[in-house]
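So that the names make sense, note that chain A is the first sequence line, chain B the second, and so on, each numbered from 1.
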Amino acid sequence: MTVRTRFAPSPTGYMHVGNLRTALYAFLLARKHKGTFILRIEDTDQEREVPGAVDLIYHTLRQAGLFWDEGPDVGGPYGPYIQSQRKTIYREYAEKLVEAGHAYYCFCDKERLDAVRKRQEAEGKQPKYDGHCRHLSSTERDKLIAGGTPWVIRQRIPDSGTTTFTDEVFGEITVENSTLDDNVLLKSDGLPTYNFANVVDDHLMRITHVIRGIEYLSSAPKYNLLYTAFGWEIPRYVHCPPVMRDAQRKLSKRDGDASYQDFIDKGYLTEALINYLALLGWSPGTDREKFTLDELIDAFDISGISKSPAIFDLVKLTWLNGEYIRTLTPDQFLEKATPFIRQAVTREDVPLAAIAAVLHERTEKLADIPPQLDFIDRLPDYPVDLFVHKKSKTTFENSLTSLRAAREALAAIPADSWNDDTIRATLLKLAETLGVKNAVVLWPVRIALSGKEFTPGGAIEIAHILGKDEALRRIDHGMEKLARAPK
RNA sequence: GACCCCAUCGUCUAGUGGUUAGGACACCGGCCUCUCACGUCGGUAGCACCGGUUCAAAUCCGGUUGGGGUCGCCA
């Protein structure tokens with residue numbers, strides 16, 4: 001049997017990372033078994049549909065490397081893969097269910113339904129359809145239809161008995177049929193509800209493993225009843241626990257940071273995000289934590305999916321992202337970093353590669369870059385106290401001495417030799433000549449060049465980045481500050 | 001509230017009757033070092049609780065507590 005899985009999102013907005021994870025698992029399972037991964041668009045709620053959302057789904061999945069074998073754009077033998085284009089199919093199957101007695105026409109309007117629900121709630125009972133249209137005769141029914149009364153088709157849940165199904169992650173689950181409701185299968189607009197469309201499509205599209213969020217777990221018995229009513233084989237169910245923001249709240253749109261695109265915009269790498277998401281609620285059973293998509297395919301197994309909700313840990317994602325960034329080659333990093341460097345550095349005459357080099361080990365996400373570079377365009381105003389650093393054994397006095405000597409030595413470097421190697425050789429030689437620790441020279445120079453306590457890179461790299469003229473100017477400024485400093 | 005489900009460090013998790021309860025992030029300390037960061041070495045920290053079963057329980061059973069999901073002509 002060929003494994004066939006599907007990702008079936010509704011085009012209702014941006015791509016949520018929780019959905020992305022579900023898509024990932026479905027993709028992984030299919031690829032793992034050399035099966036087929038299908039994309040199906042569930043657009044049966046015309047009111048919630050958001051223009052452009054389908055393209056966003058395509059774009060995100062492709063960017064993440066989750067390519068589908070069958071889908072709206074690539075076609076396939078079981079299309080169409082957009083539910084709104086399958087309207088007649090659902091109607092046909094709904095009628096079959098009615099004929100077989102497993103479903104019935106219902107003419108109750110919203111007002112009546114609301115009233116019934118209200119009454120039930122007031123009585124402390126669980127809201128449930130009261131079966132008003134359950135036993136309408138076919139003549140009454142036909143008369144109402146002919147009269148133009150709007151109708152829906154509801155599933156007829158057995159009055160008694162239990163329904164048992166098996167979920168691949170949660171095991172066997174049994175519920176009393178009496179707790180199930182006669183849900184609407186076909187809406188008055190002629191489109192199916194999710195409850196019906198997913199069953200019909202999953203069967204027609206030969207889906208073998210239904211992978212979806214846990215919110216569908218409690219509805220699974222109703223779907224099972226539907227499969228059984230049709231005489232269809234029941235697929236394997238894989239329900240995934242939710243991704244949480246904290247112990248009690250789901251990661252949601254309201255938090256704003258649940259969007260895949262937002263992460264990318266902040267400088268998270270797709271590969272890192274996918275890697276992190278894979279491990280959020282799934283474990284390979286080993287200590288390994290870094291996986292490429294191909295390696296995930298190899299390692300993936302349903303048995304590793306956990307049963308409890310998992311809290312999304314931004315700190316750990318950020319660490320993982322940093323790991324991925326550090327594995328980039330200097331060129332790759334430069335390319336990704338440049339737009340972010342340009343957010344902080346407008347000077348055109350700076351060596352971008354040298355800036356990137358100094359940033360590489362210090363960047364966990366690309367958005368960390370701009371604030372680190374705020375001293376390049378303009379020297380910040382800084383307190384003269386910065387020159388005093390206990391560990392480097394610097395004081396106002398020896399800082400001034402170092403700066404004077406450094407200025408002279410650096411000024412002697414030819415402009416076309418202004419690079420890390422030459423500057424390093426010059427400054428280290430100077431420390432040796434002065435008979436002081438390297439830090440006594442390098443600390444004050446770095447402070448004078450940057451005006452900051454912490455900087456990416458040290459005096460040497462920063463001097464190089466700033467360029468000879470600007471570096472000397474800043475050292476001069478530092479000397480003036482020190483000269484004015486209280487003794 | 002009713003029904004279903006879940007429960008190992010702060011977080012993600014390994015663990016399927018016998019382990020000094022393992023790893024990772026975070027946190028703390030050492031080293032490296034011109035700052036920060038990287039790297040490296042080490043440390044703190046967990047089986048929610050109460051009963052059973054068993055020679056032996058994080059692992060099995062029951063209950064309590066806590067948490068999640070569902071209860072729409074939304075998916």
- Can you tell me how far P of B/C73 sits from CD of A/Glu49, to the nearest Å?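 After rounding, the gap between these two atoms is 20 Å.
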- Would you kindly give the CZ-to-P distance between A/Phe291 and B/U13, to the nearest whole Å?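 After rounding, the gap between these two atoms is 14 Å.
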May I ask you to say what [X] touches in the nucleic acid, namely base, sugar-phosphate or nothing, with a heavy-atom cut-off under 4.0 Å?
X        : value
A/Ile460 : base
A/Glu323 : sugar-phosphate
A/Ser188 : base
A/Thr363 : nothing
A/Thr455 : base
A/Ser450 : nothing
A/Asp45  : sugar-phosphate
A/Gly322 : nothing
A/Ile311 : sugar-phosphate

- Query: If the C1' atom of B/C47 is compared with that of B/U20, how far apart are they to the nearest Å?
  - Reply: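 Approximately 15 Å lies between the C1' atom of B/C47 and that of B/U20.
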- Message: For A/Phe333 and A/His360, take the angle between the two ring planes, folded into 0 to 90°, and tell me which bin it lands in: parallel under 30, tilted 30 to 60, perpendicular over 60.
- Response: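 Answer is parallel, since the angle falls under 30°.
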Residue matched to [N] through Watson-Crick or wobble contacts both under 3.5 angstrom:
N     : answer
B/A24 : B/U11
B/A48 : B/U64
B/C3  : B/G69

- Message: Which is more 5' along RNA chain B, the nucleotide nearest A/Val184 or the one nearest A/Ala310? Just name the residue.
- Response: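 Result of the comparison: A/Ala310.
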Protein and nucleotides 64-67 of chain B: nitrogen or oxygen contacts under 3.5 angstrom:
from, atom 1, to, atom 2, distance (Å)
B/G67, O3', A/Ala247, O, 3.4

- Which pairs count as ring pair (Phe, Tyr, Trp, His ring centres under 6.0 Å) when at least one residue sits in residues 157-199 of chain A, sequence neighbours excluded?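 Pairs touching residues 157-199 of chain A that pass the test: A/Phe165-A/Tyr237, A/Tyr194-A/Tyr216.
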What N/O pairs connect the protein and nucleotides 22-30 of chain B at under 3.5 Å? Give each pair on its own line.
from, atom 1, to, atom 2, distance (Å)
B/G23, O4', A/Asp287, OD2, 3.4
B/A24, O4', A/Glu289, OE2, 2.7
B/A24, O2', A/Glu289, OE2, 2.4
B/A24, O2', A/Lys316, NZ, 3.2
B/A24, N3, A/Lys316, NZ, 3.0

